[in-house]
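Questions regarding the structure given below will be posed in turn.
Computed from heavy atoms alone, side chains included, the values below leave out hydrogens, waters and symmetry copies.
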Amino acid sequence: MALTEIQCKNAKPKPNGKSHVLSDGEGLLLDIRPSGKKYFILRMWRSGKEIRRSLGSYPELSLKEARQRAREMKEQDAPPDREDNFGKIADEWISRRVDNVLADSYARVIHLRMDRYILPKLGKLPLKKITSGTILKICREIEDTGNIETAHRVRQLIGQVFRYAIAIGIADTDPTVALHGALIPSRPKHYATITDTEGIKTLVQSIDKYPYVLMKSALWFSVLTFCRPGEVRHAEWSEISLDDALWRIPPEKMKTKSPHIVPLCTQLVSILRELQEITGGEKYLFPSPRGGGRPLSENGVRVALRSMGFGPETITAHGFRSMASTALNENGFAPDIIEKQLAHTERNSVRAAYNHAEYMPQRREMMQWWGNYLFTLLSRA
């Protein structure tokens, strides 16, 4: 919130004898020293590094004058040779924050949205020329086609580029902030799944009868680990320890960008030992039938489910996760343990880097229970 002259006048030193600051927004600060002296400071960023400039003391320099001086200093300090059109900054953001950082499938979606919806309209515009209204018009056009979720994603992408521009000192504000609440609310996406016992029994019995060994193993692996489809199809033999009954997924393959450990139930270990005789010489557990050292297609499990008669309204490959979560919660397993095994995002990034093995004894017990539960259903008439 912007400062007022009264706030500047009444600002007092802290009783602990330390300096403190009040923010006027857009980098302008009022620094209150222990002595009672007050100074206006301008906070700027260049190449991701913070730079502070002294503007003058208060009340010799009024708040209004400090704001004007801050604007002038920003204009003087702006790199004269830097191209600041949106397309230039978007390319830089993608190269640093998207390509070879995010999962390939997600990176492709970002490129697609940029190329289809954003760059044709904003690519050649200077950042300072792009307003909230400009962005809202783009999002409204997408809404008019019925793609509500895409409209929200496009707004978010534009905002990420602007926040990157702010961090490197090319922009001062993010115009997407003003659009919160301006778009049609998007409904959360729920993946179709099966949660009733009879439905799960039908599913596992259908998997057990699947005629192709590699795909049958991929289906069992998906259900018994309930990991994300992309993590499943990119699973490598170098990550699997059958003796320890563990799958260690490296951070670059995880949505959370933290390493993840998946205990393997005895049933899955047996399945993988048989699969090892077939694909053990390959990089991936489930290599593409087309060869070329590629993993199984992202549509592989989906096509197999459809061929068994399970339509998209019944269950998806991602739906195995909610199927397992529901069953485990209903059978008394602690939510913290279930969430840890689902590898849901840990908000504390420092904590996330060290706790990938947390609750391991309990998780081993839970994953074995899940295997026993499914194979008990498999054997029922």
Side-chain angles (χ1 to χ4, degrees), residues 1-80 82 84 86 89 92-93 96-97 101 126-133 135 155-182 256-258 345-355:
M1 181 178 292
L3 292 174
T4 65
E5 281 286 353
I6 293 177
Q7 287 176 309
C8 294
K9 180 179 179 180
N10 294 338
K12 303 295 183 185
K14 291 286 187 180
N16 58 10
K18 294 183 179 180
S19 296
H20 70 104
V21 297
L22 299 177
S23 175
D24 185 55
E26 299 188 9
L28 180 60
L29 307 173
L30 181 64
D31 185 6
I32 299 97
R33 304 291 173 82
S35 63
K37 294 281 189 180
K38 304 171 189 179
Y39 299 90
F40 282 111
I41 304 292
L42 178 60
R43 187 184 185 201
M44 299 184 294
W45 288 263
R46 292 289 175 262
S47 301
K49 295 183 179 179
E50 181 183 332
I51 300 172
R52 294 197 175 201
R53 297 278 190 266
S54 177
L55 301 179
S57 62
Y58 179 86
E60 289 76 15
L61 185 69
S62 70
L63 176 59
K64 182 178 180 180
E65 292 169 333
R67 288 170 177 163
Q68 178 61 32
R69 192 170 293 184
R71 284 192 292 270
E72 293 171 354
M73 187 169 289
K74 285 180 183 179
E75 292 174 359
Q76 293 170 3
D77 273 19
R82 180 66 183 266
D84 62 350
F86 184 89
I89 305 304
E92 185 176 318
W93 172 74
R96 290 178 177 272
R97 305 289 175 85
V101 176
L127 295 180
K128 293 181 179 179
K129 296 283 188 179
I130 300 173
T131 66
S132 301
I135 300 167
R155 181 191 66 79
Q156 291 169 3
L157 282 179
I158 295 171
Q160 287 177 287
V161 173
F162 268 98
R163 288 191 290 277
Y164 175 74
I166 292 170
I168 62 174
I170 301 301
D172 297 319
T173 59
D174 171 12
T176 67
V177 172
L179 299 183
H180 286 288
T256 59
K257 297 304 173 187
S258 296
T345 304
E346 172 62 65
R347 293 184 179 181
N348 185 322
S349 59
V350 175
R351 175 177 161 82
Y354 293 97
N355 70 354

Q) Quick one: are Leu157 and Trp93 in side-chain contact, heavy atoms under 4.5 Å? A) yes
(Q) Can you pull out every side chain to side chain donor-acceptor pair (under 3.5 Å) where at least one residue sits in residues 165-176? Sequence neighbours excluded, please. (A) Arg163-Asp174, Asp174-Thr176
Q) Are Leu127 and Ile89 close enough that some pair of their side-chain heavy atoms sits under 4.5 Å apart? A) yes
Q.
Are the side chains of Ile130 and Ile158 in contact, using a 4.5 Å heavy-atom criterion?
A. no
**Q.** Any donor-acceptor N or O pair under 3.5 Å, side chains Tyr58, Glu5
**A.** yes
(Q) To the nearest 0.5 Å, what is the distance between CD on Glu92 and OH on Tyr164? (A) 3.5 Å
**Q.** Atom pair CZ (Arg69) and CG (Leu28), whose distance is rounded to the nearest 0.5 Å
**A.** 11.5 Å
Q) With distance as the sole test, does Ser62 use its side chain to make a donor-acceptor pair with the main-chain N or O of Glu65 at under 3.5 Å? A) yes
**Q.** Listed once per pair and sorted, the salt bridge (Lys or Arg N to Asp or Glu O under 4.0 Å) pairs that draw on residues 35-44, sequence neighbours left out
**A.** Arg43-Glu50
Q. Between Gln156 and Gln160, is any side-chain donor less than 3.5 angstrom from a side-chain acceptor?
A. no
(Q) Holding to side chain to side chain donor-acceptor pair (under 3.5 Å), I want the full list of residues that pass it with Glu26, two or more places apart in sequence or in another chain. (A) none
**Q.** Closest non-hydrogen atom pair, Ser54 against Ile41
**A.** CA-CD1, 4.1 Å
(Q) On a heavy-atom basis, which atom in Lys18 and which in Pro34 lie closest, and how many Å separate them? (A) C-CG, 4.0 Å
Q.
I want to check something: taking the side chain as every heavy atom from C-beta on, are Asp24 and Leu30 in contact at a cut-off of under 4.5 Å?
A. no
Q: Could you grab the distance from atom CG of Leu42 to atom CD of Glu72, nearest 0.5 Å is fine?
A: 11.5 Å
Q | Which atom of Leu55 lies closest to which atom of Ala70, heavy atoms considered | A | CD1-CB, 4.0 Å
(Q) Ignoring hydrogens, what is the shortest heavy-atom contact between Leu3 and Cys8? Give both atom names and the distance. (A) CD1-SG, 4.2 Å
Q: Using a 4.5 Å cut-off on heavy atoms from C-beta on, say whether the side chain of Ser132 contacts that of Leu179.
A: yes
Q: Applying side-chain contact (heavy atoms from CB on, under 4.5 Å) between Phe40 and each of Leu63, Leu29, Asp31, report the one that passes.
A: Leu63
